[in-house]
Every structure is written in structure tokens, then in C-alpha cells.
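Worksheet: one structure, shown below.
Naming convention: chains lettered A, B, ... in sequence-line order (proteins, then strands); numbering from 1 in each chain.
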Amino acid sequence: MVALVLNDEQRMVKDSADGFFASEGPVAQLRKLRDAKDADGFDRGLWAKMAEMGFAGVAIPEQFGGAGLGMVAAGLIQEAIGRNLTLSPFLSSAIVAATAIAKGGSDEQKAALLPKMASAALIVALAADESPRHAPQHVATRAEPSGNGFRLTGAKPFVLDGHVADRLIVAARTSGAEDDVAGITLFLVDPKADGVSISRRSMVDSRNAAAVTLEAVQVDGADVLGTVGEGFATLEAALDAGRACLAAEMLGVSAQSFETTVDYLKQREQFGQKIGSFQALQHRAAHLFCEVELARSVTLKALTALDSGDARAPFYVSLAKAKAGDVAKLATNEAVQMHGGIGMTDEYDIGFFMKRARAAGETFGDGAFHGDRVARLLAY
Amino acid sequence: MDETAELQAFRAETRAWLDANCPEEMRQPIEGDGDVCWGGRKVRFKNEAQKLWLDRMAQKGWTVPEWPKAYGGGGLSRDENKILQTEMRRIKARPPLSSFGIWMLGPALLKYGNEAQKLEHLPRIARGEIRWCQGYSEPGAGSDLASLRTSAILDGDEFVVNGQKVWTSYADRADWIFCLVRTDPSAAKHLGISFLLFDMESPGVSTSPIKLISGYSPFCQTFFDNVRVPKDNLVGQPGKGWDIAKYLLTHEREMIGGMDMGSMGRDSMHQMAKKAIGTGKSGRLKDGLLRADIVRHEIDAMAFGLTMERVKDEAKAGQGVGALSSMLKYYGTELNKQRQELLMSIGGSDSLTWEGEDRHDGDMAKTWLRSRANSIEGGTSEVQLNIIAKRVLQLPGA
Ligand SMILES: Cc1cc2nc3c(=O)[nH]c(=O)nc-3n(C[C@H](O)[C@H](O)[C@H](O)COP(=O)(O)OP(=O)(O)OC[C@H]3O[C@@H](n4cnc5c(N)ncnc54)[C@H](O)[C@@H]3O)c2cc1C
């Protein structure tokens, strides 16, 4: 079993990510982008720097222009993103889409797309979910044979960063019934193609998704990612990479909210004493400390399991996503509560963490989804 | 329980009157704060129906059904008011008027105000003519409210008020403020406080709005710079304001605790979940874990609803509410917060939308975010638990 400690290389990634995001992508930047109602919703200059740092290619194999550092390293970067709430297409493109292409793509597809993704020249987004509650096998979007390829028709209401994507990976059904795992095929789709319409949805956490509709969109046979009818395994692998990184991000959100709150408990006075001297708050802070430690362990385990190709990786990923989600919800709610009135103000940053915890918890399956998956994988 | 003939007659009359007088527009679920009528000098009615509904209800005294008729109320008994409320719910009638005057100041004035003060202020509250705000919290005095420092020094027939309040809800839209001030700086903490009423248009009052995490700006910083207030505007005795402040808080806490429980005319949570998620064989919600969370919440919510009812009945029967208002505030707000979390989960990724193309985009998330304040405003959950530990349980050192 791989030890649950960071190796030297991973520690270096952690140090550089922590420093980089604190100085280059702090919460103040998110606030500015939000207030300006920025059309992209992130800073392209920062995204280019993330590529220079090797972050954008962290999960992309070296032979395709990436750093090939794997998921633990990716998770460390995402954790730093969570601490600073940095906006970028890291999760959607560098993790989820890159994993789908690296796992399911042909050599030509990899060579054509991955180097550009690693250099931040190309953003690829996954268009999978069709219902508001995550259900990856629920695919009603149809792909019907047409010419030398397929014609796609359907709706994808929640495509992360779909508003800035240069390419979409669309899950569509080539056979089977709506909830069958078999019969799902992944397609590379140009968002500018005839029949694709994209409308931006800005979200509570100042991130963006797009509602994508496909109306008889013609794709070439060469645009199939992987094997026809067997896209689900690739989809799950991409989702699991995303889920594990979301757990890492929520860990960052939790840890940062927790530390900010502990600082506040040491400063704010009421009844002639620091509020941190009240045992009612001390115990809650101490409890939160334990919870954050648990979230850290499950997250590291999930990322490690993905890197080592552990067959139980999906199980650990769901464990991490569920637990880290619960902890982030608790940590951010406690943070607001222990700040009192000031925690409710937009001017103070803590609310942004609560908003991100909610959205990250919801994305790619919430506690109920992953709790169910844990139980299923334990066969009960 | 069988209704007496008198109450039966009252129910029939009330039903007929409501049917004839409640405009159709006022029988729709409340979609946002814009649909709530707060009254006041600066009132802007959303439509003619909202104004008509307020006027008709105020005419009957039914904006404040249990207040005496002499002060603009309906003079109804508790039982009659219960009937009125059930009949209003039956047709999904919106409350004609919502205000801090009704929920907070009114009850305090009824108990502590002199006759002149009651006659001056209560009818205007009942008719929705004057909108009030609450000047309690200060930057250094939140949970420790009694450490407040805003001063009011007597100068001839007037108090001169100086200081700063914070988190003053709707201060920029209110006409008058009920304000806690320190009239005796030399007295012990709780003994130097007085309860003062004044017009927000008085020279020297200024407000600056603060934005909430929900994006709304309902509360303000409020500044007083040599504001002159007639000395007759002091309620009760000088230096006895703390008792009034606490009495008012019990009403505020019951109000906040009871908020949103029924969610006026809306589907219950499990109905919403069924619509959003769907049911499988034998009618069970498709998501088993969420189903368990929802039913546990609904059990607590129903138990809490019954507790509210029992506490009110007991109060009417002469058994004081007292520290139980802390229980209602604590439990009710924690439940509402949980309810909003669950509604967000039920909505899934739809609930995350902030801005999109639909008029209602962002409503769900904004309501969720606003509800986070329920366990802070009106005294935090921790403060309520402290009060229960101290006054109800009389635990040592509490
Ligand atoms: C939306 C909103 C509307 C409001 N409207 C009004 C209004 O109209 N008028 C008005 O006057 N005020 C209003 N308030 C203010 C509200 O009453 C205060 O925010 C509240 O009393 C808490 O005070 P504080 O913010 O200073 O927090 P603090 O008192 O600084 O509390 C910080 C944290 O410490 C905890 N704490 C403090 N003391 C103890 C203790 N002894 N034991 C355990 N824990 C403790 C608190 O529970 C909290 O978690 C509003 C607040 C909000 C959020």
C-alpha cells in the first residue's frame, strides 16, 4: 500500500502551488472579476501563467506536452485553488477533459489536443450531465448515424466553463435505454458547429457553466472519443478525476475557512473577553479541526488510489467526495456563524467560501450520490 | 375540539369576508421581498391590489388582529385570531402588512408605553403608515448588547443622541427607529440603558447600506450626530430600557423562529422533491439518502410546528413564554437553515444559478444565503443556548 505522505516532488508542487495562488489568484481577484461581470469569468493571463508553471498540464502525460505528475499533484494544486478561490478552467479542462482524452482518445486525438490544453491554448469542457442532480449514466441525448458520422440532438444544462470552451466532449447515446451504462458514446464537438447553442449561466460561486443545446449537430466518425457505445468507462474515469480534485478543493476551502475563523476567535471581544475563550466555541473549533483532518486523509487516499491504478479508486473517490463535501459545508457554515453579523456581509470574504463549498459539493455528485455509491461498492 | 357556536359564526363571517375582500393577486405565493408589503411613508405598492388589501384589512384592524381596537387592532381573542389565520391560509392570502412595528415595537409599547405613546404610534403601525427599524447592535456590542455605547444626554426638554449602530435592518427605508441608548454613563452596564423612539428624518441621522452575501442590501450602518429627541419619546423609565429591550427580543425571537415554517402557500419539501427528482416503484423518492434526510427534517419541522402551537396556547392560558422564546428562536432558525440546505440539494445544479435568463434565476441560492443569518440576527444561536442553560436549566456558572 502506498503511504499517505507526500514525496519530495509532491511537496515541491505543494509549495509552489501554495505560493503561486496566494499571490497570483487571491480572493480579491475573484471579487474583481465578479464585480466587473467579466465575460470570461476568469483571467486569461493567469491561466497562461498556470500553464507556464506546469499546472495546466499536471495531469497530461509528458509525451503529450504535459508534466505527467499525476493526481496527487493535481489535487495539491486544486487544494491551493480552494484556499484562494482562484478562478480558472483548471478543473474542467486540465483535469476532467484532459483525463477523458488521455484515457479514451486515439493517439491522433491526444496529439492534436493535449499539448494545446497543457499550454492553455485550448479549453475543453465536458458536456455530460442532463439532469440537475448528477446522474452520469442518464443520457438521453441521441447520436444517430448520419453520413460518415453521427447527428447529435439533446440538451446539456450544466457544462462547466462551457461558455469559454473551444471544444466540447459530449456524452450521447448511440444505443440502449436512457439509463443504460452501455450505449453511451463520447464525441468531440466544435461549439461553433451548426446546431450548437450555448448560453452562459453564472453561478452562486461566481463560476460559470453553460446550458448547451444540440440540434442535429453533424459530427465526423473521427470525432468519436474512444469506442462507440463504450464511453461510460472513460466518462467515469474523467468524472472520478474531477471528483477527487473537487474533494481536494473542498479541503482547501475548509482549511482556509477554519483558519480564518480560529483567527477571528482570537481577536473579537464580547463580554469583556475574546470570544475564543467561550468553551461553546472552543469545542466547535476543536471538532472542526478533527473533521478537516479526516477530510485531508480521505482526499489523499483517493488521489493516491487514482495514481496507483488501484481497482478500489472509485470507492475512495466517492468516500472523499462525500466526506470532504460534508466537512466543507460544516466548516463554512460554522465560519459564518462564528463571525456573527460580519460573516453575512459581502465585503468580508468568508461568504465566498460558503458559496464555493455549496457549488463544489453539488458538482459531479453530492453527499447523497456518493453515499449511495459507497454503499453500492460495499455491496449493500 | 368542537368550536363554540360563537366561534363557528365568526369562522363563517370571516370566510365570507375574506372571500369577498381578498384580491386574487394577494392569493399568490410570495416570490420575493418585493411582494411583501412593509408600509411606511416611502411605501411603493407593487400594485393596486396590494394597497387595497392593506386598506381593507387595516380597516378591520386585522393587520394586528389581537391588538385592542382603540389602538387600531381587531380586538380579537386568541381563538378568533387562530380562525382568522386558518381562513387566510385556506385561500393562501398573503399577510397584508409585515413590519418591525407589528412584530417587535407594538408588543413592547402595549406593555411599557404610556397612553399618549400608544395612541401616537400603534394606530400608525396598524395602518402601515410608519415603518420602524431596530437600533440595538453596535460594532462593539452584538451578543454583548448591554455594552452598547450610543449616548443620549438630557439637554433641557430634549435628549442629544450620539453614536453608531450597525446591522440596522432597513434603516434606509424606515421612518422611525426604536433605539437603545445609554442615558446614565455612570450606572452599571444594564442599568444605564434607556429605550428611545425617534424620527429617522431628524437632523443628524445618517445611514449607509451594507451588502449581504445574498447580494441584497437590507441592512445599514446608522450614525447619530447630535440628534435632538424630545424627552417624551423615552419609553418607560430612564435606565429601565434593558427590561423593555429584552421583552421586545422575546417577540422578535418568536417571530424569527416561526418564520418560513409554513412557507405560505408553497409546496411542502417532499412535494418539491417528488417533482424535482421523481419517484420510483411504490411512489418512493428516487434518491434514497436524500429521502431519509428529508423525512428526518420534516419530522423535526412538524414537531417544532406543534411546539409553537402548544407554547402559544399555554401562553394564552397564562403560562408565561419567557425563556422558551429562546428555544423557539434557536430551534426554528436552525431548522430553517437546514430546510434551505435541503432545498438547495433537491434543486441540484439548478439551484446554483445566480444569473441567467429567467426572472427567478438566483432566487433559490439567495434565499439559502439569506437564511444563514437567521441564527445570528435577533441574538445568535449560541446566545439562545446560553439563555436556556442559565434561565431554564439554572446550570452553575452559566
Ligand atoms: C441579517 C441581519 C439583520 C440584523 N438586523 C438587525 C437590526 O435590525 N437591528 C439590530 O440592532 N441588529 C441587527 N442585527 C445584528 C444581530 O443582532 C447581531 O449580529 C447579533 O446579535 C450578533 O452580534 P455580532 O454580529 O456582533 O456577533 P458577536 O457577538 O461578535 O458574535 C460572534 C460569535 O461569537 C459567539 N458568541 C458571542 N458571545 C458568546 C458567548 N457568551 N458564548 C458563546 N458564543 C458566543 C456568537 O454566537 C457568534 O457566533 C442583524 C444581523 C443580521 C445578520
Side-chain angles (χ1 to χ4, degrees), chain A residues 34 37 129 131-135 157-158 160 199-209 211 268-273 275 278 280-281 284 322 329 332-333 336-348 350-352 354-355 358-359 361-364 366-372 375, chain B residues 137 139-147 166-167 189 210-217 219 276-278 286-293 337 341 344-358 361-362 364-366 368-370 372-373 375-377 380-383 385-386 389:
Chain A
R34 179 199 67 170
K37 292 196 192 297
D129 270 336
S131 50
R133 287 183 60 75
H134 185 61
F158 184 62
L160 286 179
S199 95
R200 174 180 172 177
R201 276 172 61 189
S202 69
M203 295 188 294
V204 64
D205 57 346
S206 307
R207 275 146 187 83
N208 291 281
R268 170 74 173 165
E269 289 186 14
Q270 286 288 275
F271 303 98
Q273 48 196 312
I275 58 173
F278 300 125
L281 301 187
R284 294 211 334 245
K329 189 154 102 179
T332 52
N333 271 287
V336 170
Q337 179 67 21
M338 292 195 218
H339 276 81
I342 201 167
M344 282 300 297
T345 62
D346 185 71
E347 206 183 325
Y348 202 79
I350 204 73
F352 284 123
M354 185 163 69
K355 292 171 179 178
R358 178 30 88 180
E362 206 61 59
T363 303
F364 303 151
D366 66 358
F369 177 91
H370 288 289
D372 183 64
Chain B
S137 306
S143 297
D144 183 15
L145 181 59
S147 68
V166 73
W167 323 129
K189 201 171 161 186
I210 309 171
K211 208 163 122 188
L212 278 175
I213 54 175
S214 55
Y216 300 121
S217 303
F219 60 15
I277 298 165
K286 269 190 185 151
D287 189 320
L289 268 73
L290 196 57
R291 177 176 183 265
D293 286 347
K337 285 174 68 180
E341 290 283 358
M344 288 293 283
S345 296
I346 290 168
S349 58
D350 278 355
S351 69
L352 302 177
T353 308
W354 194 249
E355 273 166 32
E357 274 153 22
D358 195 292
D361 275 349
M364 231 197 280
K366 284 171 186 167
W368 162 65
L369 287 165
R370 177 61 185 82
R372 303 301 93 182
S375 53
I376 298 170
E377 60 199 323
T380 65
S381 281
E382 292 75 24
V383 164
L385 293 172
N386 283 348

Salt-bridge test for [X] and [Y]: reply yes if a basic N is under 4.0 Å from a carboxylate O, no otherwise.
X      : Y      : result
B/E377 : B/R372 : no
A/R200 : B/E355 : no
A/D366 : A/K329 : no

Interface residue of largest heavy-atom contact number with chain A, from B/V166, B/L352, B/L290, under 4.5 Å:
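Among B/V166, B/L352, B/L290, the one with the most close pairs to chain A is B/L352.
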Which of the residues B/N386, B/L289, B/L385, B/D293 is involved in the greatest number of heavy-atom pairs with chain A at under 4.5 angstrom?
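Greatest number of close heavy-atom pairs with chain A: B/L289.
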Considering only heavy atoms, which portion of [X] lies under 4.5 Å from any heavy atom of chain A: side chain, backbone, both, or neither?
X      : answer
B/A141 : backbone
B/D350 : both
B/S345 : both
B/S381 : both
B/K337 : side chain
B/A365 : side chain
B/L369 : both
B/I210 : side chain
B/S147 : neither

Quick check on [X] against chain B: is it the side chain, the backbone, both or neither that has a heavy atom closer than 4.5 Å?
X      : result
A/K355 : both
A/M338 : neither
A/A359 : both
A/I350 : neither
A/N208 : neither

Do [X] and [Y] make a side-chain contact, defined as non-hydrogen atoms from C-beta onward lying under 4.5 Å apart?
X      : Y      : answer
A/F369 : B/D287 : no
A/D205 : A/R358 : no
A/R207 : A/T363 : no

Which atom of [X] lies closest to which atom of [Y], heavy atoms considered:
X      : Y      : result
A/R201 : B/S349 : NH2-O, 2.8 Å
A/L160 : A/F364 : CD1-CZ, 4.0 Å
B/D144 : A/F271 : OD2-N, 3.0 Å
B/S137 : B/L145 : N-CD1, 4.1 Å

Contact winner vs chain B - [options], heavy-atom pairs under 4.5 Å:
options                : result
A/G351, A/S202, A/G343 : A/S202
A/D372, A/I275, A/N333 : A/N333
A/G340, A/G371, A/A280 : A/G340

Taking atom types as modelled, is there a side-chain donor on B/S214 or B/R370 under 3.5 Å from an acceptor on the other?
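Looking only at side-chain atoms, B/R370 and B/S214 do not form any donor-acceptor pair under 3.5 Å.
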Is it the case that more than 12 heavy atoms not belonging to A/E269 sit under 6.0 Å from its CD atom?
yes
